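Beneath this line is the structure, given in structure tokens, with notes to follow.
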2 protein chains.
Amino acid sequence: MTDRTTSSIAPIVVPKASDILASQLRQMIVQGRLGAGTFLPTERSLVAESGLSRTSVRDALRILESEGLISTKVGRSGGSMVTLPGRDSVARSVELFVRTHGIRLESLLECRVAVEPTLARLAARNRTDAALAEMTALHERFIASVDDVKSYKAINLDWHLAIARASGNEPLIALMEAISMPISDAMDYQHVTTPELRAIAVKAHTVILQAIAARDEDAAFNRMERHVAGYRDIATPRNGTKPARQG
Amino acid sequence: MTDRTTSSIAPIVVPKASDILASQLRQMIVQGRLGAGTFLPTERSLVAESGLSRTSVRDALRILESEGLISTKVGRSGGSMVTLPGRDSVARSVELFVRTHGIRLESLLECRVAVEPTLARLAARNRTDAALAEMTALHERFIASVDDVKSYKAINLDWHLAIARASGNEPLIALMEAISMPISDAMDYQHVTTPELRAIAVKAHTVILQAIAARDEDAAFNRMERHVAGYRDIATPRNGTKPARQG
DNA sequence: TTTAAGCAATGGTCCGATAAAATGCAACGT
DNA sequence: ACGTTGCATTTTATCGGACCATTGCTTAAA
């Protein structure tokens, strides 16, 4: 190695053309300069404006599409319409994370215990009459389905999500929607839905719903906490603590 | 409108070729048949195997890349390597959601109040000595920076995230990392970092850290709850409840 | 042995063309 | 007047080929 003068040039990263275009469009969307429902220019227009090839333009659009920021349709008056990413987008991302990392059921249930009591409290605070009616209807179907495990589980899921949605807290709703499906899937491998536990769950739901109906925030919080903590302790019992009785 | 026989044909969706390929590859990854670190076939190999054009193959790879499932490098011995999506991937998704929907600071702080006490409890339970040392070091820098608002905020953020990481609960860590940055950004528009409040925060952090060091789960939970609930009440005071004193 | 030049493999980018889908419009028949 | 059908138009989807840029390996030269 001969001695050379060492220049102080930092490593230069060459971003991809499609990434640059995607970043610019993304920024315009999050800043609100491209509101939901408005259409991006056509691919060929973007080619003309950006000076890039159609390949790069399309790569950028694919990125935005998989981020849930646009939705592309073909045909006349088609194109790429701005569509704000919904909670399902967050849920997909979390689900990928959970599944690829093999997150244990224990962690997911701990997560739920952290979140759902607050959701119940906020639901008691913010619920509308329509939301209450929906929860009540689900609860009645829940009671009726106590003998059919399959629909029992589905309705149970829906009821918890209905409470979450009634809370009005979008980030927490998204988290709850994100972890509900993995929890439900993982629960299939456990046998935590005995007839006795199902009866207990029905009672727990009843008192929680009463608290939410009465707008009793503390009661909703506490009863929901006992409910989900009970599930956690049954599914993943910890050392030294007996599974608490649910209800 | 003349009467016709109504056929029971459901709407037919024509999936895109790239979506199909992306789904297949995604499934192979989440099922573990393509472990992290392994390489996908080269683009040209995928073209040969799938019978699709290189455009479609590349579209599929772009989708997987933006999902954080692969990372593509150019050059000889380059290609698309399987990389499991990290918490940053979830954080990006949540951040997009929060920013595009204009989620209010109130909701984010409520979210934090729901999550951080549990994180403190789990940190008290699961912390390693190394994690405690990191938190303590950050705390000392926190105390020293009480007069420099900029570094104060940065260190504050890091300290909270350090506690989250010490909890060992990956989903909750991801959520915390996801909402921390938006909260910090939104806080800039509020004036909630007066010198007095900073001094109070230092005291709060001190007692929380003591509880975590002593592995006192309940104390960690309660003190963290008072701390973050105090922030919430100061930043977004609700009707009828005075902002609680922090500490 | 060391260095530099050349080669090979791979993704990045570009171009042009055709296929497929969706919409609007006009012609047609009733 | 009405509804239906077919055609034209616009747009994305897909294809095929070519060349460029980057990277790592190999080989030849000093």
Side-chain angles (χ1 to χ4, degrees), chain A residues 1-6 9-25 37-66 69-83, chain B residues 1-7 9-25 34 37-83:
Chain A
M1 177 80 83
T2 62
D3 260 357
R4 292 280 182 87
T5 61
T6 165
I9 301 293
I12 297 177
V13 291
V14 181
K16 289 189 285 191
S18 51
D19 287 333
I20 297 176
L21 178 56
S23 295
Q24 290 185 4
L25 292 174
T38 65
F39 275 83
L40 265 55
T42 66
E43 292 184 356
R44 287 172 173 80
S45 297
L46 286 173
V47 167
E49 294 181 22
S50 66
L52 300 177
S53 71
R54 184 137 177 254
T55 307
S56 299
V57 169
R58 282 180 53 79
D59 277 355
L61 294 179
R62 287 295 80 73
I63 292 172
L64 297 179
E65 191 176 26
S66 86
L69 288 173
I70 65 173
S71 143
T72 303
K73 285 195 326 182
V74 302
R76 186 167 178 165
S77 83
S80 296
M81 191 180 64
V82 176
T83 62
Chain B
M1 177 80 82
T2 63
D3 261 357
R4 291 282 182 86
T5 61
T6 165
S7 66
I9 301 293
I12 298 177
V13 291
V14 181
K16 288 191 285 192
S18 50
D19 287 334
I20 296 175
L21 178 56
S23 295
Q24 290 185 4
L25 292 174
L34 287 174
T38 64
F39 275 82
L40 265 55
T42 65
E43 292 184 355
R44 290 172 174 83
S45 297
L46 285 173
V47 168
E49 294 180 23
S50 66
L52 300 178
S53 71
R54 197 162 163 223
T55 308
S56 299
V57 169
R58 282 180 52 79
D59 277 355
L61 294 179
R62 286 295 79 71
I63 293 173
L64 297 179
E65 191 176 27
S66 85
E67 289 174 348
L69 288 173
I70 65 174
S71 141
T72 303
K73 282 194 330 183
V74 303
R76 186 165 178 165
S77 84
S80 295
M81 190 179 66
V82 176
T83 62

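Values in this document were obtained by computation on a predicted structure and should not be read as measured data. Numbered from 1 within each chain, the chains take letters A, B, ... in sequence-line order.
At a threshold of 4.0 Å, the pair A:Glu65-B:Arg62 does not count as salt-bridged, since none of the basic side-chain nitrogens sits closer than that to a carboxylate oxygen.
Interatomic distance, A:Thr72 OG1 to B:Lys16 NZ, rounded to the nearest 0.5 Å: 6.0 Å.
Rounded to an integer number of Å, the gap from CG of A:Leu21 to P of C:dT13 is 11 Å. The distance between atom CD1 of A:Ile70 and atom P of D:dT11, rounded to the nearest whole Å, is 16 Å. The distance between atom CG of B:Asp59 and atom P of C:dG12, rounded to the nearest whole Å, is 12 Å. As a whole-Å value, the separation of B:Arg44 CZ from D:dG17 P is 12 Å. Straight-line distance from the NZ atom of B:Lys16 to the P atom of C:dA21: 13 Å, rounded to whole Å. The CG atom of B:Leu46 sits 12 Å away from the C1' atom of C:dG11 (whole-angstrom rounding). Look at CD on B:Glu43: it is 14 Å from P on D:dC15, rounded to the nearest Å. A straight line from CE of A:Met81 to P of D:dT11 spans 16 Å, rounded to a whole angstrom.
An OP1 or OP2 oxygen of D:dT22 is reached within less than 4.0 angstrom by no side-chain nitrogen or oxygen of B:Arg76. Note on B:Lys73: every side-chain N or O is 4.0 Å or more away from OP1 and OP2 of C:dG12. Remark: B:Arg58 is in phosphate contact with C:dG12, judged by side-chain N or O atoms under 4.0 Å from OP1 or OP2. For the pair A:Ser56 and C:dC14, the criterion of a side-chain N or O lying under 4.0 Å from OP1 or OP2 is met. An OP1 or OP2 oxygen of C:dC14 is reached within less than 4.0 angstrom by a side-chain nitrogen or oxygen of A:Ser53.
Donor-acceptor pairing under 3.5 Å, judged by distance alone, is present between the side chain of A:Arg54 and the base of D:dA13.
A donor-acceptor pair is defined here as one N or O able to donate and one able to accept, closer than 3.5 Å; such a pair exists between the side chain of A:Ser50 and the backbone of A:Leu46. For the pair A:Ser23 (side chain) and A:Asp19 (backbone), a donor-acceptor distance under 3.5 Å is present.
Checked by atom type, the side-chain pair B:Ser66/A:Ser66 shows a donor-acceptor distance below 3.5 Å.
With the nearest nucleotide of DNA chain C identified for both A:Leu52 and B:Thr42, B:Thr42 has the one nearer the 5' end.
Here the side chain of B:Thr55 is nearest to one of C:dT13, D:dA13, D:dC15, namely D:dC15.
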